Amino acid sequence: MEMESRDGGSVFAHIPKVPEVPLYALQVAYGKDPSPLKLNLGFGVYRTEDGKPFILNVVRRVERLLVNDMSNFKEYLPITGIAEFNRWSARLILGADSPAIKENRVTTVQCLSGTGSLRIGAEFLAKYYPQHHTVYMSQPTYGNHPNLFSVAGLAIKTYRYYDPGTCGLDFQGMLEDLQSAPSGAIVLLQACAHNPTGVDPTIPQWEQIRQLMRSKGLLPFFDSAYQVCKTADVASHVESQLKLVIRPMYSNPPIHGAAIAAAILKDRDLYNEWSIEVKVMNDRLISMRQHLFDALCDKGTPGDWSHITKHVGMFTFSGLNPAQVAFMTKEYHIYMPSDGRINMAGLGPKTVPLLVDAIHAAVTTLCLN
């Protein structure tokens, strides 16, 4: 029952309505579009060539095994989650021969999704990292990154990353900005397949970044759920405090998804099957990049589109501006963020021609800049 104020109105009547999150508003608009040709290149989820949701076969198989295993339970998990999931996830990320793992310098906790993991990490840093309460993020970065860290009380600054002129990495600008950052500052880095640009540093560039951050005393925080401690004692202390951060937020994580992942990671045959399926997914993304690039070249679309094949992961910054994106949505029923980010997993051989026609019309009708 809604509470009333003294004058008879709602006590919440003063709360202003905020606009929808742009990416979710995009999804709503796509859902309402009756066109049979509509194409969704927005949300960062993997799709089949026909644009359907995709679940790995090995995941379906393990899920059936777990459901039929009467010894499984649905009790509350520990605060840190399933121990096997944590142990095998750390080995997957850091490598089985990682000195940090061998020396027990790794603390791993199961959280609620990638967003939940980042939120726990941000809260932990705000509470237990007194050296600096400023986080440097790439420009641009994943849209939710600033929210996750600012709500924890951390100040947000940016470092140069994406160069619109080359549709590649502004590596010199990145180094200059990190060099100017104060000692002890936190630097948010994405381990690979940068969201939203699809632009990653090369291995030699990563080495330069590592050397600079070490010499400056900057704290790297990777957008993966794992950080490495210096000693086993420190790792143990960190885990104890992470439990205190998690407890008032959601107490303990769900069991189902982590149980499936743990079952796959610890079984060699299942792990090999999973690796093969992931390779197939990755190869499809690479194929779609090449297919899109070749089709744009064959069409004679003005501009250099080679960045499409140079970017990695699910996303690519197309180089299209907001006006061109809006034109493509209105005239061709193609839905994507206004910054021109394309989810390559949303494409298939049947939909590449539609996207190419839309890009060609947008570029020739409205100049790139």
Side-chain angles (χ1 to χ4, degrees), residues 19-27 41-45 114-115 117-119 121-122 134-152 154-181 185-202 205-206 209 213 218 220-224 285 289 303-308 310-326 328-329 334-346 359 362 368-369:
E20 282 195 81
V21 175
L23 194 57
Y24 287 88
L26 192 72
Q27 291 298 105
L41 301 177
F43 257 142
V45 292
T115 298
S117 300
L118 290 168
R119 179 69 179 86
T134 300
V135 181
Y136 284 77
M137 302 178 178
S138 63
Q139 179 57 42
T141 192
Y142 167 53
N144 212 18
H145 276 157
N147 301 329
L148 293 168
F149 287 86
S150 61
V151 76
L154 299 170
I156 308 298
K157 290 191 176 180
T158 61
Y159 56 85
R160 283 170 282 176
Y161 189 85
Y162 180 74
D163 181 356
T166 64
C167 294
L169 180 66
D170 182 0
F171 185 57
Q172 191 58 40
M174 179 182 183
L175 293 181
E176 290 174 0
D177 288 348
L178 293 181
Q179 183 65 48
S180 300
I186 303 162
V187 179
L188 178 63
L189 300 161
Q190 296 188 41
C192 63
H194 184 271
N195 183 359
T197 68
V199 176
D200 283 357
T202 63
Q205 288 173 333
W206 272 120
I209 294 168
M213 295 190 66
L218 303 173
F221 185 98
F222 280 93
D223 187 353
S224 64
L285 291 175
R289 289 184 179 279
D304 179 6
W305 302 97
S306 61
H307 59 278
I308 293 174
K310 294 175 182 176
H311 294 172
V312 296
M314 281 205 300
F315 301 120
T316 191
F317 253 18
S318 62
L320 299 168
N321 61 41
Q324 291 167 331
V325 172
M328 291 166 58
T329 301
I334 293 176
Y335 292 81
M336 52 196 285
S338 62
D339 58 13
R341 187 192 76 174
I342 294 175
N343 175 16
M344 298 303 300
I359 291 176
L368 272 172
N369 297 313

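The model shown is predicted, which means the values in this text are computed figures rather than measured ones.
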Donor-acceptor pair, side chain of [X] and main chain of [Y], under 3.5 angstrom:
X      : Y      : result
Arg341 : Met336 : no
His311 : Thr197 : yes
Thr316 : Ile342 : no
Thr329 : Ile334 : yes
Arg289 : Gly313 : yes
Asp200 : His194 : yes

To the nearest 0.5 Å, what is the distance between [atom1] on [X] and [atom2] on [Y]?
X      : Y      : atom1 : atom2 : answer
Leu148 : Ser117 : CG    : OG    : 10.5 Å
Tyr335 : Leu26  : OH    : CG    : 8.0 Å
Leu23  : Ser338 : CG    : OG    : 10.5 Å
Leu154 : Thr134 : CG    : OG1   : 8.0 Å
Met137 : Ile186 : CE    : CD1   : 9.5 Å
Tyr161 : Asp177 : OH    : CG    : 13.5 Å

Side-chain contact test, heavy atoms from C-beta onward, threshold under 4.5 Å: evaluate it for [X] versus [Y] and give yes or no.
X      : Y      : answer
Ile209 : Phe171 : yes
Pro201 : Trp206 : yes
Val151 : Arg119 : yes
Phe149 : Ile156 : yes
His307 : Thr166 : no
Pro140 : Pro196 : yes
Thr141 : Pro146 : yes

- [ ] Before giving the answer on side chain to side chain contact (heavy atoms under 4.5 Å, CB included), spell out for Ile359 and Trp305 the whole-Å C-alpha distance, their side-chain angles and the decisive distance to 0.1 Å.
- [x] CA-CA 11 Å; Ile359 291 176; Trp305 302 97; 3.7 Å; yes
TODO: Please name the pair of heavy atoms, one in Leu169 and one in Met174, separated by the smallest distance, quoted to 0.1 Å.
DONE: CD1-SD, 4.4 Å
TODO: May I have the step-by-step check of side chain to side chain contact (heavy atoms under 4.5 Å, CB included) for Leu175 and Gln179, ending in yes or no?
DONE: CA-CA 6 Å; Leu175 293 181; Gln179 183 65 48; over 6 Å; no
TODO: List for me each residue that meets side-chain contact (heavy atoms from CB on, under 4.5 Å) alongside Val45, sequence neighbours excluded, and say none if there are none.
DONE: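 Listed in chain order: Phe43, Arg47.
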Task: Qualifying residues under side-chain contact (heavy atoms from CB on, under 4.5 Å), relative to Ser306, sequence neighbours excluded - done: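 Partners of Ser306 by the side-chain contact (heavy atoms from CB on, under 4.5 Å) criterion, ordered by chain and then number, come out as Phe293, Asp304, Lys310.
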TODO: Specify whether His145 and Tyr142 have parallel, tilted or perpendicular ring planes, treating 30° as the upper limit for parallel and 60° as the lower limit for perpendicular.
DONE: perpendicular
Open item on the list: Quick one, Val199 with Phe317, criterion side chain to side chain contact (heavy atoms under 4.5 Å, CB included). Give me CA distance, side-chain angles, the key distance, then yes/no.
Closed with: CA-CA 8 Å; Val199 176; Phe317 253 18; over 6 Å; no
- [ ] With side chain to side chain contact (heavy atoms under 4.5 Å, CB included) as the test, would you mind laying out the steps for Phe221 and Leu118 before giving the verdict?
- [x] CA-CA 10 Å; Phe221 185 98; Leu118 290 168; 3.6 Å; yes
